[in-house]
Amino acid sequence: MKKRLLLAFGILFSINSIAQSGGTVMEIDGKKVSKSEFLQIYLKNNNDPKYDKQSLDEYMELFKKFKLKVAEAEALGYDTIPKLKKELAGYRKQLSQPYLIDSTKNSALVKQAYERMKNEVHAAHILVKVSENASPEDTLAAYNRIMALKKRVENGEDFAAVAKGRNGSDDPSAVRNGGDLGYFTAFQMVYQFEEAAYNTPIGKISNPIRTKFGYHILKVMDLRPARGTIKVAHIMVATGKDASVEELEAAHKKVEEIYGKLQQGESFEKLASEFSDDSQTAERGGELQLFGTGTTTRMVPEFEEAAFALKENGEISKPVQTAFGYHIIKRLDLTPLRSFDELKKEIQGKVNKDERSIITQQSFIEKLKKSYSFKDSYSKTSKWFVQNIDTNYFKGTWTADGLKSNSAMFTLDGKAFTQKDFAAYLQKNFRSFRSMDSKTLVQKQYSAWQNSEILAYEESKLDTKHPDFKALMQEYHDGILLYEIMSDKVWNKAIKDTSGLKTFFADHGSNYKWGKRYNAYVYECLNDDIAKKVAGMLKSDTISSRTVINTINKDSELNLRVRTGKFEVESTPYLKGHDLKKGVNPVYVVDGKYYIVKVDEILEPGAKTLAEAKGAATSDYQNYLEKEWLAEIAKKHPIVIHEQVLYSLGK
């Protein structure tokens with residue numbers, strides 16, 4: 001979801017669960033805002049809601065500004081802009097999904113997933129690739145091939161040897177691992193694969209299963225209790241896929257050197273930020289996302305085994321080699337499998353996103369068919385399509401110009417869905433299909449079209465069936481308009497209005513000043529001995545910082561770090577509180593680091609130019625524009641607050 005939604009968050013929140021008491025809390029342009037609508041938004045934006053007069057008055061002021069901006073956007077026709085209408089339609093499609101599933105079936109799958117999360121299954125597989133939309137001939141050929149591979153294993157050949165051998169598994173990793181996938185649990189494989197793994201006895205070979213990748217056979221080797229969810233940090237020294245012996249040796253030397261510093265008590269987080277090659281985690285001390293039971297994240301086996309081998313929080317592993325390089329792993333937390341009640345909401349979200357959602361949705365469609373008196377005429381109305389689909393369809397040039405009739409192919413709730421409707425669907429949805437016989441193609445497409453139309457029909461009724469959905473859509477509508485009009489009237493205007501910004505800066509220039517600054521080179525040394533060496537080298541006026549770095553870091557990249565530029569004293573922790581002079585200053589220590597600062601110039605406090613203060617000045621100018629704009633539109637859109645209703649909240 002985009003940040004533009006501001007107040008409109010994608011959180012399902014039932015109005016029924018907060019209040020159904022009537023009352024209008026506010027009117028704007030004569031339009032009423034109900035007590036329940038105000039309360040819903042108030043609760044979403046206050047983790048610790050208070051209902052005293054002061055708290056309600058303060059939030060009402062924010063709410064009034066919000067509604068004023070939305071009212072102005074509507075008055076200016078923002079809700080008719082095509083791109084915004086399209087965006088809102090996209091959000092509606094996403095938000096409607098939880099309402100378009102079989103809740104009973106969904107609950108059963110949530111419980112099933114939790115039961116599976118209690119154990120981890122160790123399996124290997126052999127894959128024969130085949131497209132989901134492959135022709136019957138290609139599908140049969142793939143099936144026969146996987147059956148032949150299964151027969152070889154059942155006749156005594158080693159599973160791994162068959163997987164990695166000639167004409168074996170189409171999974172490229174099989175050459176390295178013999179098809180062994182290690183241990184996994186619910187949500188870490190596609191659902192059909194997971195189903196087979198948990199339903200195949202240990203030591204046995206599964207029947208072929210079809211996934212979006214093709215046909216698989218599985219061999220289940222073990223089942224063990226789940227180890228829980230783990231959070232770790234790591235320091236990585238990367239090695240390329242085709243790293244030379246020399247590069248591997250250099251990486252190993254570096255990681256051992258870092259490990260040595262950890263053994264001497266240096267901070268893991270600090271070393272991670274300074275030396276880890278994983279740029280995405282280095283700035284947060286090497287911290288990785290959770291992995292293990294119940295997560296969709298899997299690590300390579302070597303990393304995962306080393307992480308779970310750590311016995312207590314804070315324990316640090318020896319360097320571990322993987323295909324990505326060398327890692328030092330620190331255990332941060334290990335959480336055993338939580339209770340079903342604790343995990344239910346999280347599991348629900350995952351069930352709604354993976355292949356299980358197709359099962360619950362299909363079950364829901366069958367229920368809708370019954371409730372809406374569904375009648376199908378496919379056998380009578382599909383013949384023309386089977387006879388007239390040709391190879392042009394797969395090129396996107398097929399048309400239904402020859403279709404003369406427009407009979408109902410199915411009816412739902414008394415509404416007819418006709419042959420011409422289906423023809424239009426066919427013409428729009430040809431891209432994912434390769435050549436196949438017309439009968440199979442028409443059947444596949446008809447099923448997909450029928451499902452989409454039934455769900456679309458039900459989606460059109462959600463506003464009347466579900467008040468919470470209607471309220472949520474109103475929030476998204478308002479959020480989109482709010483973002484767009486704020487961009488036009490405030491944010492972008494402040495950036496584009498250069499003359500206005502200059503005038504604002506001229507009137508408020510005294511707010512933007514530099515503190516005392518040093519134009520300097522800052523040498524950050526690992527210890528006192530290195531600091532003395534650096535100080536000795538800097539006695540020469542002609543020596544460059546690059547020469548100092550190359551000399552000092554000859555044996556270790558950890559010895560010295562150099563920064564250069566203009567540093568504001570009060571905002572630079574390692575300079576604050578030190579009265580430095582021009583030239584090379586004596587060594588001093590901050591947080592265990594030794595600093596030598598060579599000052600080229602001392603810059604006394606003074607006014608900033610607009611270029612130097614542009615970020616802060618632009619932000620302040622935006623605030624100014626918003627204030628002026630709000631005062632203007634407040635005159636155009638009269639607001640009435642019903643205080644008696646407002647102060648009744650929480651009672």
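Each residue takes its place number in the sequence, starting with 1. These numbers were taken from a predicted model, which means no experiment stands behind them.
No hydrogens or angles considered: nothing links the side chains of S169 and H125 as a donor-acceptor pair under 3.5 Å. Inspection of the S556 and E257 side chains reveals an N or O donor paired with an N or O acceptor under 3.5 Å. For D171 and S173, the side-chain atoms include at least one donor-acceptor pair closer than 3.5 Å. Under 3.5 Å, the side chains of E484 and S487 contain no donor-acceptor pair of N or O atoms. Checked by atom type, the side-chain pair D222/Y183 shows a donor-acceptor distance below 3.5 Å. Side-chain contact annotation: T547 with N550, donor-acceptor N/O pair under 3.5 Å absent.
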Under 3.5 Å, side-chain donor or acceptor atoms of residues 286-293 against the rest of the protein: list the pairs with distances, not counting sequence neighbours.
{"residue": "E287", "atom": "OE2", "partner": "K231", "partner atom": "NZ", "Å": "3.2"}
{"residue": "T293", "atom": "OG1", "partner": "G228", "partner atom": "N", "Å": "3.1"}
{"residue": "T293", "atom": "OG1", "partner": "G228", "partner atom": "O", "Å": "3.3"}

Please set out all donor-acceptor pairs under 3.5 angstrom arising from side-chain atoms of residues 533-542, sequence neighbours excluded.
{"residue": "S540", "atom": "OG", "partner": "T542", "partner atom": "N", "Å": "3.4"}
{"residue": "S540", "atom": "OG", "partner": "T542", "partner atom": "OG1", "Å": "3.1"}

Practice problem: Might you work through the side-chain hydrogen bond (donor to acceptor under 3.5 Å, both in side chains) test for E568 and W514, ending with a clear yes or no? | Solution: CA-CA 7 Å; E568 193 168 27; W514 285 116; over 6 Å; no

Quiz item: Checking side-chain hydrogen bond (donor to acceptor under 3.5 Å, both in side chains) for the pair N106/N352: CA distance, chi angles, key distance, verdict?
Solution: CA-CA 8 Å; N106 187 268; N352 290 344; 3.0 Å; yes

Practice problem: List the steps, then state whether side-chain hydrogen bond (donor to acceptor under 3.5 Å, both in side chains) holds for Y512 with D620. | Solution: CA-CA 11 Å; Y512 310 101; D620 291 343; 2.6 Å; yes

Quiz item: Y621 and W491: ring-ring contact (aromatic ring centres under 6.0 Å, His included), yes or no, with the steps?
Solution: CA-CA 9 Å; Y621 186 44; W491 302 325; over 10 Å; no

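Under the salt bridge (charged side-chain N to carboxylate O under 4.0 Å, His left out) criterion, K93 pairs with E459, not counting sequence neighbours. Every residue two or more places apart in sequence or in another chain was checked for a side chain to side chain donor-acceptor pair (under 3.5 Å) with Q188, and none qualifies. Taking the side chain to side chain donor-acceptor pair (under 3.5 Å) definition, one finds that S279 meets it with nothing, sequence neighbours left out. Judged as a side chain to side chain contact (heavy atoms under 4.5 Å, CB included), and not counting sequence neighbours, the contacts of K118 are Y114, E115, L337.
Among all heavy-atom pairs drawn from S206 and T200, the shortest one is CB-OG1, 3.4 Å. Contact between A307 and V232 at its shortest, heavy atoms only, is CB-CG1, 4.1 Å. Nearest heavy-atom pair across L271 and I258 is CD1-O, 4.1 Å.
Residues Y476 and Y91 place their aromatic rings such that the two centres sit under 6.0 Å apart. Two rings, from Y595 and H578, have their centers 6.0 Å or more apart.
Side-chain N or O atoms of S357 include one that pairs as donor or acceptor with a backbone N or O of D354 at under 3.5 Å. Although no hydrogens or angles enter the test, the distance criterion places no donor-acceptor pair under 3.5 Å between the side chain of Y259 and the main chain of I328. Without hydrogens or angle criteria, S276 side chain to S273 main chain gives no donor-acceptor distance under 3.5 Å.
A 4.5 Å side-chain heavy-atom check between Y518 and L603 finds every atom pair outside the cut-off. Within the 4.5 Å cutoff, side-chain heavy atoms of H216 are placed close to those of L218. Side chains of I552 and I530 form a contact here, defined as non-hydrogen atoms less than 4.5 Å apart. The closest side-chain heavy-atom distance from T281 to H234 is below 4.5 Å.
Once rounded to the nearest 0.5 Å, the distance linking CD of Q112 with OG of S107 reads 12.5 Å. Here the straight-line distance linking atom CD of E194 with atom CZ of F184 works out to 8.0 Å at 0.5 Å rounding. In this structure, E305 CD and I329 CD1 are separated by 10.5 Å, a value rounded to the nearest 0.5 Å. Interatomic distance, CD of Q321 versus NE2 of H252, reported as 8.0 Å (0.5 Å rounding).
By the 6.0 Å and 45° rule, R210 stacks over the aromatic ring of Y215.
Paired with T618 under the rule side-chain contact (heavy atoms from CB on, under 4.5 Å), one option of N623, L610, L501 passes, and it is L501.
When the shell of 6.0 Å around CD of E342 is examined, it contains more than 12 heavy atoms from other residues, nucleotides or ligands.
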